[in-house]
J.: 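Next up is a structure, given as structure tokens.
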Amino acid sequence: MISGIKYDITASIVLYKNDLKTLRLTVESFLDTDLTVRLYLIDNSPSDELKDFFSSDDRIEYIFNNENRGFGKAHNQILLKSPQLSNYHLVLNPDVYFEGSILKEIFYFMEREKSVGQLMPKILYPDGSIQYLCKPLPRPIDLISRFIIPFDTDSKKNFELRFFNYNRAANIPYLSGCFMFLRSSVIEEIGGFDENIFMYLEDGDLSRRIHMKYKTLFYPKVEVVHEHNKESFRSRKLMLIHINSVIYYFNKYGWFFDKTRKKINTRLFKELKK
């Protein structure tokens, strides 16, 4: 806070042995605004070698954990404090970058639309193609099939909602964790990430809980670039972490009998197919 006044936006980026060139783009993107902002770099890496690269800007605070606490637990170090720090909090991946003007666009949109608890812009690959990151609440088949069938199928396309126009806003129950623009007062009410999930699906879990009371909005009027590389599909260790997250998620909400999922997804598909 600045002399007892809340920041407009705080943001947290969780680091783990990241590429410095891309990280610089991400940091510069967030700081390129005249809104009052503060950025927290939360480093899960085994060493603090990234500390000195961003020490010249007093809007940045570097936190070295000296251990890999996982994605959600590390973000929670700041996210759970955000109601006292800022009006909005951005959970941001270290490989996402954008024009500085989009923060102001999102900020003032959220100021007008009080029913929105979470917002995700249109996410693009560096070549300009769309990342299909709007999803219904997942069924076991939706997630398990992604491990065993690496190519596109009709089921995968349906899970990624490719049939709907990614150029219109929609209230989506599962939004990607790469860019989660969150209303801090909603986090105070709903809570942060489930720390039982080390990595993967923590975004879907939080989106689901927010969606139960507020709009979780896909807002394609603004765009960001995400250098997404699907690491868990190339690393056995990360694949096992991903599988453990899937098991935990469905143990929490139900594998085959999840009335909430059925109700929300039925309404979602009806709305999107209008």
Side-chain angles (χ1 to χ4, degrees), residues 70-73 75-76 79-80 91 113-120 123 131-149 152-166 168-219 232 240-274:
F71 181 90
K73 188 174 184 178
H75 273 294
N76 275 352
L79 178 60
L80 295 177
V91 170
E113 302 295 332
K114 301 297 185 180
S115 63
V116 179
Q118 175 187 353
L119 181 148
M120 182 187 80
I123 313 292
Q131 293 185 22
Y132 297 103
L133 298 180
C134 294
K135 299 181 180 72
L137 295 181
R139 304 167 300 166
I141 188 62
D142 295 320
L143 300 183
I144 294 171
S145 64
R146 294 166 75 86
F147 296 124
I148 59 179
I149 305 174
D152 282 349
T153 63
D154 289 341
S155 177
K156 179 181 177 182
K157 291 176 182 177
N158 204 47
F159 179 57
E160 295 176 342
L161 305 178
R162 298 196 194 187
F163 62 85
F164 112 94
N165 187 344
Y166 264 71
R168 67 181 174 99
N171 186 20
I172 305 293
Y174 183 174
L175 297 173
S176 169
C178 71
F179 191 109
M180 302 179 80
F181 198 93
L182 303 161
R183 191 180 300 276
S184 297
S185 60
V186 170
I187 295 302
E188 185 172 33
E189 177 185 355
I190 303 296
F193 289 111
D194 185 333
E195 296 184 7
N196 292 301
I197 303 175
F198 184 83
M199 189 165 57
Y200 306 117
L201 276 178
E202 69 289 306
D203 52 358
D205 173 82
L206 181 55
S207 288
R208 175 178 174 139
R209 288 187 279 122
I210 295 174
H211 188 79
M212 296 297 294
K213 293 190 175 184
Y214 300 90
K215 290 180 182 178
T216 48
L217 193 71
F218 171 63
Y219 185 69
S232 73
L240 291 175
I241 291 173
H242 203 155
I243 291 170
N244 285 335
S245 297
V246 168
I247 293 170
Y248 175 83
Y249 178 91
F250 288 119
N251 283 343
K252 179 176 181 177
Y253 290 112
W255 287 78
F256 304 105
F257 302 102
D258 182 349
K259 292 181 180 179
T260 299
R261 176 178 66 208
K262 183 177 181 180
K263 180 180 178 180
I264 288 175
N265 287 352
T266 299
R267 183 175 63 223
L268 173 68
F269 280 90
K270 182 178 179 180
E271 287 294 322
L272 295 184
K273 289 181 178 179
K274 284 182 178 179

J.: What residues, two or more places apart in sequence or in another chain, satisfy salt bridge (charged side-chain N to carboxylate O under 4.0 Å, His left out) together with E271?
T.: K274
J.: What's the separation between atom CG in L268 and atom NZ in K270, rounded to the nearest 0.5 Å?
T.: 12.5 Å
J.: Is any side-chain heavy atom of F159 closer than 4.5 Å to a side-chain heavy atom of I141?
T.: no
J.: On a heavy-atom basis, which atom in G117 and which in Y214 lie closest, and how many Å separate them?
T.: N-CB, 3.7 Å
J.: Has R209 got a side-chain atom pairing as donor or acceptor with I190's backbone, closer than 3.5 angstrom?
T.: yes
J.: As an exercise, state the distance from CE of M180 to CZ of F193, rounded to the nearest 0.5 Å.
T.: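 Result: 4.5 Å between the selected atoms.
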J.: May I ask you to check whether F163 and F269 place their ring centers less than 6.0 Å from one another?
T.: yes
J.: With sequence neighbours left out, which residue pairs that include part of residues 172-188 fulfil the salt bridge (charged side-chain N to carboxylate O under 4.0 Å, His left out) condition?
T.: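 Counting only pairs at least two positions apart or across chains, no salt bridge (charged side-chain N to carboxylate O under 4.0 Å, His left out) contact touches residues 172-188.
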J.: Counting C-beta onward and ignoring hydrogens, is there a side-chain heavy-atom pair between P136 and I264 closer than 4.5 Å?
T.: no
J.: Hey, does the side chain of N171 reach the backbone of K215 with a donor-acceptor pair shorter than 3.5 angstrom?
T.: no
J.: Can you find a heavy atom in the side chain of S176 that is under 4.5 Å from one in the side chain of I123?
T.: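 Answer no - side chains too far apart.
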J.: Regarding Y248 and D194, do their side chains bring together a donor and an acceptor under 3.5 Å, going by distance alone?
T.: yes
J.: Can you confirm whether or not the ring centre of Y200 sits under 6.0 Å from the ring centre of Y249?
T.: no
J.: For the atom pair CZ (F181) and CG (L175), what is the distance rounded to the nearest 0.5 Å?
T.: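 It is 14.0 Å, given to the nearest 0.5 Å.
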J.: Any donor and acceptor pair, going by atom type alone, linking the side chain of S245 with main-chain N or O of M199 inside 3.5 Å?
T.: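 A pair under 3.5 Å: yes.
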J.: Below 4.5 Å, heavy atoms only, C-beta onward: do R261 and P173 meet side chain to side chain?
T.: no
J.: Output the distance between atom CG (L206) and atom CD (Q118), rounded to the nearest 0.5 Å.
T.: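 If I round to the nearest 0.5 Å, the distance is 6.0 Å.
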J.: A side-chain contact here means heavy atoms from C-beta on lying under 4.5 Å apart; do L182 and I210 qualify?
T.: yes
J.: Do the non-hydrogen side-chain atoms of K263 and L137 ever get within less than 4.5 Å of each other?
T.: no
J.: Surrounding NZ of K259 (heavy atoms of other residues, nucleotides or ligands, distance under 6.0 Å), is the total greater than 12?
T.: no
J.: If you draw a 6.0 Å radius around NZ in K252, do more than 12 non-hydrogen atoms from other residues or ligands fall strictly inside?
T.: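 Atom NZ in K252 is packed in, count exceeds 12.
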J.: Check whether any side-chain heavy atom of F218 lies under 4.5 Å from a side-chain heavy atom of L133, and answer yes or no.
T.: no
J.: Would you call V91 and F71 a side-chain contact if the rule is heavy atoms closer than 4.5 Å?
T.: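 Side-chain contact under 4.5 Å: yes.
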J.: Evaluate side-chain contact (heavy atoms from CB on, under 4.5 Å) for T216 paired with Y174, printing each intermediate quantity in order.
T.: CA-CA 8 Å; T216 48; Y174 183 174; over 6 Å; no
J.: Of all the heavy-atom pairs spanning A170 and L272, show the shortest one and how long it is.
T.: CB-CD2, 3.8 Å
J.: With side-chain contact (heavy atoms from CB on, under 4.5 Å) as the criterion, how do E113 and L217 come out once you've worked through the C-alpha distance, each side chain's angles and the decisive distance to 0.1 Å?
T.: CA-CA 11 Å; E113 302 295 332; L217 193 71; over 6 Å; no
J.: Which value, rounded to the nearest 0.5 Å, describes the distance between L143 atom CG and R139 atom CZ?
T.: 9.5 Å
J.: Under 6.0 Å from the NZ atom of K135, do we count more than 12 heavy atoms belonging to anything else shown?
T.: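 Result for NZ/K135: enclosed.
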J.: Enter the distance from I197:CD1 to H242:NE2 here, rounded to the nearest 0.5 Å.
T.: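 Those atoms lie 10.5 Å apart.
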